[in-house]
Amino acid sequence: MLSTITVAPQAVAESASAASQSKEASPVETLSVYGSRMDTQKANAGVAVSTVSLEEIEKRQGSNVTDLIRHLPNVSVLGGGRDAAQSVSIRGLSSDNGRVIQLVDGARQNFSVGHRSSLFIDPELLSSVEVVRGPSSTLWGSGALGGVFAQNTKSASDFLSGTETLGGYVKQGFHSNDNASRTSGAVFGRTETVDWLVQSYYHDSDDSQLGNGKTLSYSADREKGGFAKLVFTPSLDHQWSFIARQGKRDAMVPSNPTTEEPSTSSPLVYRQVEDQSLSLTYNYNPSQSWVDLDTRLYWNDTEVNEHRVDKGEFDNNQMQTLGLSLSNRSTFKALTLTTGLDAYQDRFETVRDKSNTSRPDNQDAEAQSVGVFSQVDVPLGQAWHWQAGVRFDAYDAKDKRPESTIGNHDNTAWSPSTALTWNATEQLALTASYREAFRAPSLEEMYASGTHFGMNQFVPNPDLKPEESANKELNITYTFSSSQYIDQGYIDARFFRNDVDNFINQSIKDGSWGAYNGTTVKTNLPEAKLEGIEISLHHQLGGFTNNLSYSQTEGKNKHDGSYLDNIPAHKWVAETDYALATLPVSVGGRVSHYADQDDTNNANTYDGYTLWDLYASYSPNGAWDGVKFDLAIDNLTDEQYTQAWAQTASPGRDIKFNVRYQF
């Protein structure tokens, strides 16, 4: 089932751009990987891809996937200090409105409902996280305006080595800031043809403590869940994988958890989120070079039940996705061709408690999407490499409420891309790329109706146009030669401009009593542009690994010159990691500096801040063999800070300690 691809120097550099990643053995190397679209993107120097390894995940001890990727260039976190409010932003475009695609084991996660996070999977289940920065619709379809972040779950091979065939582990963690207890465990095994794993977790936390000594009220939560994975490999040509995952989170939060305190417009709710999924994957990779087939059938079901405490009202939001994806990679001498098909259906339903008429209406909407794509990679002589691709998508949506008179919505989209790489020398490579992407309007954006707040009414708009982006990017990579001062290293610089048309924006129009009895409608805005820089420096010598990065994004409305919201502050990140040669110990630290963000259209500005993080791991041998200790200290100086665009501050110092015993 394994395929082999050769990765150019600049692609190797990007795959290592996350701090403390798995180390590459040489500037140009051959990687053996399962055939997938993510592997195709890693091999393309025109695309920025960063990978957070299992080792890094264990060091971070994150309570949310955002804790694992916030340090990456031009990756930021929106929503403030509560996990229930957080979303991922890549180059100024966010997952909370569908402008970033989220994948779990290759399956799309399409849940997107206002003021509710779509980040449900616990980091304890993950073996890696991969982040694609920049438009990527050629391979991934609707939603990849900002990029893609893919979460990959563990398997038995992540724990078993050599001739081991059966094992398990138990793990207990403690976080000082919110008095969190984090418990997990698993059993796993393998034979010549079967690899299986069953894993579960339970977490319980109190309210977070801020750097100023105050408490972030209603930030406590409780989580539990787990998953099972079975991989059946009857022969070298065939492999079947079955994954079942389920998670549940309970929390008492304001209905809009980005706000600081509950209020009349954001009342206190008891929110219970249940997220579950099933997927079946088949890989076929015979000896023929023209077949490397990956197929996936998946089903996701996310249900949010809410109880408005003060009025005793109950609401239910549910999103179900049924999807099928196929991709094949063919190699003809030096040419590589990737082709595929995606098809999925979303069903979104809400049931509102109508004991109070000042509520949004029930919703019942459905959307289907089908896309086909093709991408070719061609070497042009010794020094040049060309990649080009195109995708066609057709999608439609409809309001299924029997009494509805709202029209259906259907459209098509083309997503071309191309990249040209010049290997000027053995060490210097330059790549120029152009990529287009789009996002179809969500069901909630088109069909929301009823009362928004007070007497303000939602106005449905099924005529929304899809958002479209065109990204121009220049990448320069210099790979250092080995010497007494460096084993391997690189410097990677990216300059990009992303022009986005038909931005979908929520507008509140005043009525006779102002906004109170006005309307709320989603509309398309004129053109916007986002441009920025990403510079990464990687250095490795002996047991030392050092990383330094700088990133910035600027965003403006091209029509009137106003600033775009939710653009991240400029960011510097420096990290060093040292693995002792004589002891099974690794230590490291990271410092992240966020500049002031005053590119706003109002009086609100956001002060800069600096965060210091430390971590260490120890795996003793002998009588303690199988035991692993992980210690991390986040925000060492107990900095009081608020992320740009957030209304609530983020947690202060947090001492995190984990003990795992594997048997």
Side-chain angles (χ1 to χ4, degrees), residues 64 77-87 94-98 111-120 205 207-208 215-223 248-275 302-319 348-363 365 442-445 447-459 506-508 515-522 565-566 642-643 645-650:
N64 194 311
V77 179
L78 298 178
R82 296 188 184 95
D83 284 354
Q86 292 183 352
S87 61
S94 174
S95 64
D96 71 343
N97 47 32
F111 179 83
S112 179
V113 179
H115 311 315
R116 297 162 181 86
S117 175
S118 62
L119 307 177
F120 304 124
S205 69
D207 290 337
S208 298
T215 297
L216 178 58
S217 60
Y218 303 110
S219 56
D221 63 16
R222 181 182 293 111
E223 296 180 77
K248 183 177 181 181
R249 171 181 288 179
D250 301 323
M252 189 82 75
V253 294
S255 61
N256 179 355
T258 65
T259 60
E260 190 168 2
E261 296 287 345
S263 63
T264 302
S265 59
S266 181
L268 188 64
V269 300
Y270 174 68
R271 178 173 294 164
Q272 185 178 84
V273 180
E274 294 189 54
D275 181 58
T302 303
E303 186 171 3
V304 181
N305 290 290
E306 296 179 337
H307 172 210
R308 291 197 172 201
V309 178
D310 59 338
K311 296 184 178 179
E313 297 168 341
F314 293 86
D315 292 343
N316 174 275
N317 296 271
Q318 186 172 22
M319 168 75 83
F348 178 55
E349 296 180 86
T350 67
V351 178
R352 306 291 189 188
D353 191 326
K354 286 300 183 179
S355 58
N356 182 350
T357 57
S358 298
R359 307 299 314 288
D361 287 343
N362 294 339
Q363 294 187 55
S442 72
L443 295 173
E444 186 187 35
E445 287 172 332
Y447 298 124
S449 61
T451 303
H452 184 195
F453 60 88
M455 297 174 62
N456 186 285
Q457 297 291 306
F458 281 112
V459 178
Q506 178 171 285
S507 301
I508 298 178
Y516 183 80
N517 69 332
T519 59
T520 298
V521 63
K522 302 283 187 176
D565 291 343
N566 295 323
T642 301
Q643 300 165 359
W645 308 100
Q647 299 180 54
T648 60
S650 293

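Side-chain atoms are counted along with the backbone in the values below, which use heavy atoms only and exclude waters and symmetry mates.
Once rounded to the nearest 0.5 Å, the distance linking CG of D565 with CG of L78 reads 10.5 Å. A distance of 5.0 Å separates CG in N64 from CG in L119, rounded to the nearest 0.5 Å. The distance from the OG atom of S117 to the CZ atom of R271 is 9.5 Å, given to the nearest 0.5 Å.
Listed for the D315 side chain is no donor-acceptor partner under 3.5 Å among the backbone atoms of R352. Between the side chain of S208 and the main chain of L216, no donor-acceptor pair closer than 3.5 Å is present. Under the 3.5 Å distance criterion, the side-chain polar atoms of T302 are left unmatched by any main-chain donor or acceptor of M319. Of the possible donor and acceptor atoms, one in the side chain of T648 sits under 3.5 Å from a partner among the backbone N and O of G81. Side-chain atoms of E223 never come within 3.5 Å of backbone atoms of K248 as a donor-acceptor pair (strictly under, hydrogens ignored). A distance-only check finds a donor-acceptor pair linking the side chain of R82 to the backbone of E260 [under 3.5 Å]. Between the side chain of D207 and the backbone N or O of A220, at least one donor-acceptor pair lies under 3.5 Å.
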> After noting the C-alpha distance and the side-chain angles of Y270 and D250, does the key distance pass the side-chain contact (heavy atoms from CB on, under 4.5 Å) rule?
Replying inline: CA-CA 7 Å; Y270 174 68; D250 301 323; 3.4 Å; yes

>> Determine whether S255 and E306 satisfy the following criterion, side chain to side chain donor-acceptor pair (under 3.5 Å), listing intermediate values before the conclusion.
In response: CA-CA 9 Å; S255 61; E306 296 179 337; over 6 Å; no

>> Run the side-chain contact (heavy atoms from CB on, under 4.5 Å) test on D83 and R249 for me, step by step, so that the C-alpha distance in whole Å, both residues' side-chain angles and the decisive distance to 0.1 Å come before the verdict.
In response: CA-CA 11 Å; D83 284 354; R249 171 181 288 179; 4.0 Å; yes

> After noting the C-alpha distance and the side-chain angles of F348 and N317, does the key distance pass the side-chain contact (heavy atoms from CB on, under 4.5 Å) rule?
Replying inline: CA-CA 8 Å; F348 178 55; N317 296 271; 4.2 Å; yes

>> Checking Q643 against V77 for the side-chain contact (heavy atoms from CB on, under 4.5 Å) test, could you report, in this order, the C-alpha distance in whole Å, the side-chain angles of both residues, the deciding distance, and whether it holds?
In response: CA-CA 8 Å; Q643 300 165 359; V77 179; 4.1 Å; yes

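In this view, D96 and S87, S94 satisfy the side-chain contact (heavy atoms from CB on, under 4.5 Å) rule, not counting sequence neighbours.
Side-chain contact check for M252 versus V309: some heavy-atom pair is nearer than 4.5 Å.
The minimum heavy-atom distance between E261 and P254, with the atom names listed, is C-CG, 4.1 Å. When all heavy atoms of N256 and T259 are compared, the closest pair comes out as O-OG1, 2.8 Å. Of all heavy-atom pairs between D353 and G312, the closest is OD2-O, 3.9 Å. Nearest heavy atoms, P267 versus P262: C-CB, 4.4 Å.
Here the two rings, on F120 and F111, have centers that are under 6.0 Å apart.
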